[in-house]
Amino acid sequence: MYIESNLSIKNKVTEFIQKVPKAELHIHLEGSIEPETLMRIAERNKINLKYNSVEEVKKAYRFDDLKDFLNIYNQGTKILRTELDFYEITLEYLNKVSTQSVKHVEMFIDFQTYEKRDIKPEIILSGIKAAIADANKKTGITCYLILAFLRQLGAEAALKTFMNALKFKEDIIGIGIAATEIGYPPELFAEVFEAARNEGFRTTAHAGEEGPASYVKGSIDILKVDRIDHGNKAMDDLELIQELIDRQIPLTLCPLSNIALKNVAKLKDHTLKKKLDLGLLVSVNSDDPSYFGGYVNENYQAVASELQLSISDIRKLAENSFVSSFLPDIEKEFHLKTIKDLYEEVIK
Ligand code: HPA
Ligand code: ZN
């Protein structure tokens, strides 16, 4: 009997990861700025960075936890000023992931970071939208936008930013909460989530990245979110896990982010495979790819190697990414069919 070697199976998994259509549902636009781009835009906008070279930027992309990371990430946002800046970083990210067979993206954008510098949402959005249109024309990739509020700025600020953003309703599919988790439990944001749901926005919340399982529970019970970002700590509450399974509430997992921010010690300890086997609707995402050592395919590859994922596991993760998305059913079905066709071709 022919026994396929481990190496040949590994190569097949790698090839399948590269080719399989995927959606990326958890990516912060500013987390995709590569050091080279950061330096180039800073120079163009005559902004003094504390770094003198790309190597120095790369060296600074190290952190001990979420707070430490957010400080460095915020420094990076200071280079952005113009429509062209937002256009270029969006296009660079979309072009990059197109080469990884990513067909659809749901991207977090942020208006609050720019309010104090008086960079208007109009400027941010027009750059981003132009890039999405150009990327779509070139590669067919689609991209929805999720307006994320910074928890540490509080609920009142979130509501104010939301009300101002209502005039861009056509351009924004949903809202979310991100940044500092601990100390800012989901219930603080009940009002803005209710207002958003009433206006027809879809909703997500970062929860259980650093914070406890109760933040995941609060996000689904009080904020009534469609999707949880991260959700790792839900594993501490088995009743909650059962609810997430029964209701098929998606969790957008970000394995390399969890390692970089030390929320998980080693990839071998990551609960992604366990969650997949339990029937949770989990997907693989990059969070902040230029900071955490990889785009979506590097995340798939890392968990595939460390958790010994099979081609059929990868298929399921890719399917989950579309099922968890905010795409219309007809588009979900189209992508699911292309995944099925590719899978059948590969295992023949
Ligand atoms: N976690 C929380 N908030 C964020 C992140 C993250 O990894 N990246 C940008 N905002
Ligand atoms: Zn995130």
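A quick note: this is a predicted structure, and the numbers were derived from the prediction, not measured. When a ligand or atom number is given, it counts from 1 through the structure's own listing order. Because only heavy atoms are used, hydrogens play no part in the values below, and waters and symmetry mates are left out as well, while side chains stay in.
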Below 30° counts as parallel, above 60° as perpendicular, anything between as tilted: where do the rings of Phe111 and Phe168 land? perpendicular
Using 4.0 Å as the upper bound for N to carboxylate O, is an ion pair formed by Asp313 and Lys273? yes
Does Lys96 make a cation-pi contact with Tyr295, if we ask for NZ or CZ under 6.0 Å from the ring centre and within 45° of the axis? yes
Where does His206 meet ligand 1, judged by heavy-atom distances below 4.0 Å: at the side chain, the backbone, both, or neither? side chain
Subset of ligand 1 atoms that lie under 4.0 Å from at least one heavy atom of Asp287: 6 (C), 7 (O)
What atoms in ligand 1 come closer than 4.0 Å to a heavy atom of Asp288? 5 (C), 6 (C), 7 (O), 8 (N), 9 (C)
As a quick check of understanding, evaluate ring-ring contact (aromatic ring centres under 6.0 Å, His included) for Phe69 and Phe292, giving each step before the final call. CA-CA 10 Å; Phe69 158 70; Phe292 298 153; 4.7 Å; yes
Proximity of Tyr73 to ligand 1 by residue part, where a heavy atom lies under 4.0 Å: side chain
Salt-bridge present (Lys233, Glu209; N to O < 4.0 Å): no
Hey, is Phe69 one of the residues with a heavy atom under 4.0 angstrom from ligand 1? yes
I need the atoms of ligand 1 closer than 4.0 Å to a non-hydrogen atom of Ala178, numbered in the order shown. 3 (N)
Could you tell me the separation between the CD1 atom of Ile79 and the CG atom of Asp85, rounded to the nearest 0.5 Å? 6.5 Å
Please give the remaining members of the hydrophobic cluster of Leu84, linking ILVMFWY side chains under 4.5 Å, ordered by chain and number. Tyr87, Leu91
Can you name the atoms of ligand 1, numbered from 1 with element, that are less than 4.0 Å from a heavy atom of Leu66? 1 (N), 2 (C), 6 (C)
Could you state the interatomic distance from OG (Ser290) to CD (Glu92), rounded to the nearest 0.5 Å? 9.0 Å
Of the side chain and backbone of Glu209, name the one, both, or neither that has a heavy atom under 4.0 Å from an atom of ligand 1. side chain
Hey, is Ala179 one of the residues with a heavy atom under 4.0 angstrom from ligand 1? yes
Using a distance threshold of 2.8 Å, what protein N/O/S atoms lie below it relative to the Zn ion (ligand 2)? His26 NE2, His28 NE2, His206 NE2, Asp287 OD1
Would Glu88 and Thr37 count as having a side-chain donor-acceptor pair, cut-off 3.5 Å? no
Is the Phe108 ring parallel, tilted or perpendicular to the His26 ring (thresholds 30°, 60°)? perpendicular
